[in-house]
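Model, not experiment: these values are computed from the prediction.
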Amino acid sequence: MKALILVGGFGTRLRPLTLSFPKPLVDFANKPMILHQIEALKEVGVTEVVLAINYHPEVMLNFLKDFEDKLGITITCSQETEPLGTAGPLALARDKLVDGSGEPFFVLNSDVISEYPFAELIKFHKNHGGEATIMVTKVDEPSKYGVVVMEEATGMVEKFVEKPKIFVGNKINAGIYLLNPSVLDRIELKPTSIEKEVFPRISADAKLFAMVLPGFWMDVGQPRDYITGLRLYLDSLRKRSANRLATGAHIVGNVLVHESAKIGEGCLIGPDVAIGPGCVVEDGVKLSRCTVMRGVRIKKHACISNSIIGWHSTVGQWARIENMTILGEDVHVGDEVYTNGGVILPHKEIKSSILKPEIVM
């Protein structure tokens, strides 16, 4: 089987992290976002992953070369010279996706984090005998999204309603699809939306089905959703393999700590924290609802909540970082500095407090 991951553009919503790495390579729960997807695809027998990308494919491919060998999976790029929307990339990668076997292929949005129930998706797709399956997820506020209206018993998709004013359902497209090769005959090589142009046509032929995604779902393409996604992911990890989570007197709730990280005395870590490889957390530090990426040093008695600390940054003694502060790569926050929602670009030194949310160039 094959899979196409829609990597797309510049990841502007997740800056300043994406100024250092393409968005799919930004760490989420201590590994690049895209690796969560590739590992899950490998588990259900996918042998080749195609990345649909429109800038710097060499950065992605060089980085993923190691994982190709480790996972025994082929990773290639299909590069757009102009943005092709969400369906055009499938037409562009047609030769890579069709091998004559007639097997369906996966299509994924690279920002989506979930438990990736791909085995169940394959079974559902083969049983209904249609042309395409989309995964849908239930949301509390469907009026913000495009809603998928489906037959409950069979999963057949009846229609799509964009940002409904009155309640028509609470299931939205989760950005995970399984498509028969015949779907490619419906897509021209031009900027096209799979959600607004291709799927409605398949639905009109009664060949589009939807499966409700079990477990959690989050599009982690922006900071607030990234932090929420981490909480949901760690909750799910607690249920699936609790032994991977940290334990001890200084741990509160779900915390993921890389084995190479060092944590000092008298710290209070958690809930919902990920600490990456090579990090040093000194004595008396308090961390909650945050991600601390590879190579970060947090000095004594610093306090961090609801924030993302980028690679190789330093947080000074008694510093306080909160309210969706994002430090880019190699940012150095001085002792006793307070930052309230600062978004700080890479390679900066912060010597005075940031009292209200602002971007520091």
Subject >> Derivation and outcome, side chain to side chain contact (heavy atoms under 4.5 Å, CB included), residues Tyr226 and Thr291 >> reply: CA-CA 9 Å; Tyr226 177 106; Thr291 284; 3.4 Å; yes
Subject >> Reported SG-to-CD1 distance for the pair Cys290 and Ile326, which is rounded to 0.5 angstrom >> reply: 12.5 Å
Original post:
Judged by atom type as modelled, is there a donor-acceptor pair below 3.5 Å linking the side chain of Asn109 to the main-chain atoms of Leu6?
Top reply: no
Original post:
Do Lys207 and Asn180 have side chains that get closer than 4.5 Å, going by heavy atoms?
Top reply: no
Subject >> Where Ser288 and Gly270 come nearest, the two heavy atoms and their spacing >> reply: CB-O, 3.5 Å
**OP:** Enter the distance from Leu179:CG to Leu97:CG here, rounded to the nearest 0.5 Å.
**Re:** 9.5 Å
Original post:
Taking Ser203 for the side chain and Val157 for the main chain, is one N or O donor matched with an acceptor at less than 3.5 Å?
Top reply: yes
Original post:
What orientation do His301 and Trp318 show, parallel under 30°, tilted 30 to 60°, or perpendicular over 60°?
Top reply: parallel
Subject >> Within 6.0 Å of NZ in Lys286, more than 12 heavy atoms from elsewhere >> reply: no
Subject >> Any donor-acceptor N/O pair, Lys348 side chain to Met361 backbone, under 3.5 Å >> reply: yes
Original post:
Which ring-ring contact (aromatic ring centres under 6.0 Å, His included) pairs, counting each pair once, include a residue from residues 176-207, with sequence neighbours left out?
Top reply: Tyr177-Phe199
Original post:
So, for Ser193 and Ala87, which heavy atoms are closest and what is the spacing to 0.1 Å?
Top reply: C-CB, 4.0 Å
Original post:
So, does Thr314 use its side chain to make a donor-acceptor pair with the main chain of His332 at under 3.5 Å?
Top reply: no
**OP:** Establish, from distance only, whether the side-chain atoms of His347 and Asp330 form a donor-acceptor pair under 3.5 Å.
**Re:** yes
**OP:** Please test Val44 against Met1 for side chain to side chain contact (heavy atoms under 4.5 Å, CB included), starting from the C-alpha separation and ending with a verdict.
**Re:** CA-CA 9 Å; Val44 292; Met1 285 185 85; 5.6 Å; no
**OP:** State yes or no: do Val285 and Val292 share one hydrophobic cluster built from I, L, V, M, F, W and Y residues joined by side-chain heavy-atom distances below 4.5 Å, directly or via other members?
**Re:** yes
Subject >> Atom CG of Leu268: over 12 foreign heavy atoms under 6.0 Å >> reply: yes
**OP:** Could you tell me whether Lys299 atom NZ has more than 12 heavy atoms of other residues or ligands within 6.0 Å of it?
**Re:** no
Original post:
So which residues get pulled into Phe167's cluster when ILVMFWY side chains under 4.5 Å apart are joined, directly or through others?
Top reply: none
Subject >> Closest approach of Phe216 to Leu213 (non-hydrogen atoms, all atoms of both residues) >> reply: O-CD2, 3.7 Å
Subject >> Salt bridge present between Asp185 and Arg94 (N-O < 4.0 angstrom) >> reply: yes
Subject >> Side chain to side chain, Phe160 and Ile172, heavy atoms closer than 4.5 Å >> reply: no
**OP:** Output all residues satisfying ring pair (Phe, Tyr, Trp, His ring centres under 6.0 Å) with His125, sequence neighbours left out; order by chain, then residue number.
**Re:** His128
**OP:** Tell me, with the steps shown, if Met150 and Phe209 meet side chain to side chain contact (heavy atoms under 4.5 Å, CB included).
**Re:** CA-CA 8 Å; Met150 58 191 264; Phe209 290 78; over 6 Å; no
**OP:** Would you indicate whether Lys31, at its atom NZ, is surrounded by more than 12 heavy atoms from other residues, nucleotides or ligands within a distance under 6.0 Å?
**Re:** yes
Original post:
Can you tell me if CD on Glu188 sees more than 12 non-hydrogen neighbours from other groups inside 6.0 Å?
Top reply: no
Original post:
Any Lys/Arg nitrogen of Lys126 or Glu103 sitting under 4.0 Å from an Asp/Glu carboxylate oxygen of the other?
Top reply: yes
**OP:** In sequence, state the C-alpha distance, the side-chain angles, and the governing distance for Phe67 and Ile38, and then conclude on side chain to side chain contact (heavy atoms under 4.5 Å, CB included).
**Re:** CA-CA 9 Å; Phe67 296 108; Ile38 293 173; over 6 Å; no
Original post:
Rounded to the nearest 0.5 Å, how far does CG of Leu25 lie from OG1 of Thr18?
Top reply: 11.0 Å
Original post:
Quick check: does any side chain N or O of Ser307 sit under 3.5 Å from a backbone N or O of Ser305, one acting as donor and the other as acceptor?
Top reply: yes
Original post:
Does the side chain of Asp225 come within less than 4.5 Å of Asp219's, by heavy atoms?
Top reply: no
**OP:** Tell me whether Ile176 is reachable from Phe28 by hopping between hydrophobic residues (I, L, V, M, F, W, Y) whose side-chain heavy atoms are closer than 4.5 Å.
**Re:** yes
**OP:** Assess the side chains of Glu131 and Ser182: does a donor N or O sit below 3.5 Å from an acceptor N or O?
**Re:** yes
Original post:
Considering only heavy atoms from C-beta outward, does the side chain of Pro16 approach that of Ile344 to under 4.5 Å?
Top reply: no
**OP:** For Glu282 and Arg297, run salt bridge (charged side-chain N to carboxylate O under 4.0 Å, His left out): C-alpha distance rounded to whole Å, both residues' side-chain angles, the deciding distance at 0.1 Å, then the answer.
**Re:** CA-CA 8 Å; Glu282 295 185 1; Arg297 177 177 285 269; 2.8 Å; yes
**OP:** Return yes if some donor-acceptor pair links the side-chain N/O of Ser313 with the main-chain N/O of Gly328 below 3.5 Å, else return no.
**Re:** yes
Original post:
Does a side-chain heavy-atom distance below 4.5 Å link Val360 with Leu345?
Top reply: no
Original post:
Between the main-chain N or O of Glu265 and the side-chain N or O of Asp283, is there a donor-acceptor pair closer than 3.5 Å?
Top reply: yes
**OP:** Write down the atom of Ala93, the atom of Leu4, and the distance for their closest heavy-atom approach.
**Re:** CB-CD1, 4.0 Å
**OP:** May I ask whether Ile251 and Leu230 are part of the same hydrophobic cluster, defined by side-chain heavy atoms of I, L, V, M, F, W, Y residues being less than 4.5 angstrom apart, directly or through others?
**Re:** no
Subject >> Inter-residue atom distance Ile350.CD1 - Ile321.CD1, 0.5 Å rounding >> reply: 9.5 Å
Original post:
Below 4.5 Å, heavy atoms only, C-beta onward: do Leu245 and Arg238 meet side chain to side chain?
Top reply: yes
**OP:** Might you point out which heavy atoms bring Ala52 and Pro89 nearest each other, and give the distance in Å?
**Re:** CB-CB, 3.7 Å
**OP:** Please check if the side chain of Thr325 supplies one atom and the backbone of Thr339 the other of a donor-acceptor pair under 3.5 Å.
**Re:** yes
Original post:
In this structure, are over 12 heavy atoms from other groups packed under 6.0 Å from Arg224 atom CZ?
Top reply: no
**OP:** Please check if Tyr116 and Val220 belong to a single hydrophobic cluster, counting links between Ile, Leu, Val, Met, Phe, Trp and Tyr side chain heavy atoms closer than 4.5 Å.
**Re:** yes
Subject >> Connected via hydrophobic side-chain network under 4.5 Å: Leu327 and Val281 >> reply: yes
Original post:
Are the side chain of Arg244 and the backbone N or O of Leu237 linked by a donor-acceptor pair below 3.5 Å?
Top reply: no
**OP:** Report yes or no: does Lys42 contribute a side-chain atom to a donor-acceptor pair with the main-chain N or O of Leu71 at less than 3.5 Å?
**Re:** yes
Original post:
How many angstroms lie between CG in Asn340 and CD in Glu322, if you round to the nearest 0.5 Å?
Top reply: 6.0 Å
**OP:** Would you name the heavy atoms of Leu90 and Leu184 that are closest together and state the gap between them?
**Re:** O-CD2, 3.6 Å
Original post:
What is the distance from atom CG of Leu35 to atom CD of Gln37, rounded to the nearest 0.5 Å?
Top reply: 10.0 Å
Original post:
In this structure, are over 12 heavy atoms from other groups packed under 6.0 Å from Glu151 atom CD?
Top reply: yes
**OP:** Check whether the side chains of Thr86 and Glu195 place a donor and an acceptor atom closer than 3.5 Å, and report yes or no.
**Re:** yes
Original post:
Under 4.5 Å between any side-chain heavy atoms of Arg231 and Asp235, yes or no?
Top reply: yes
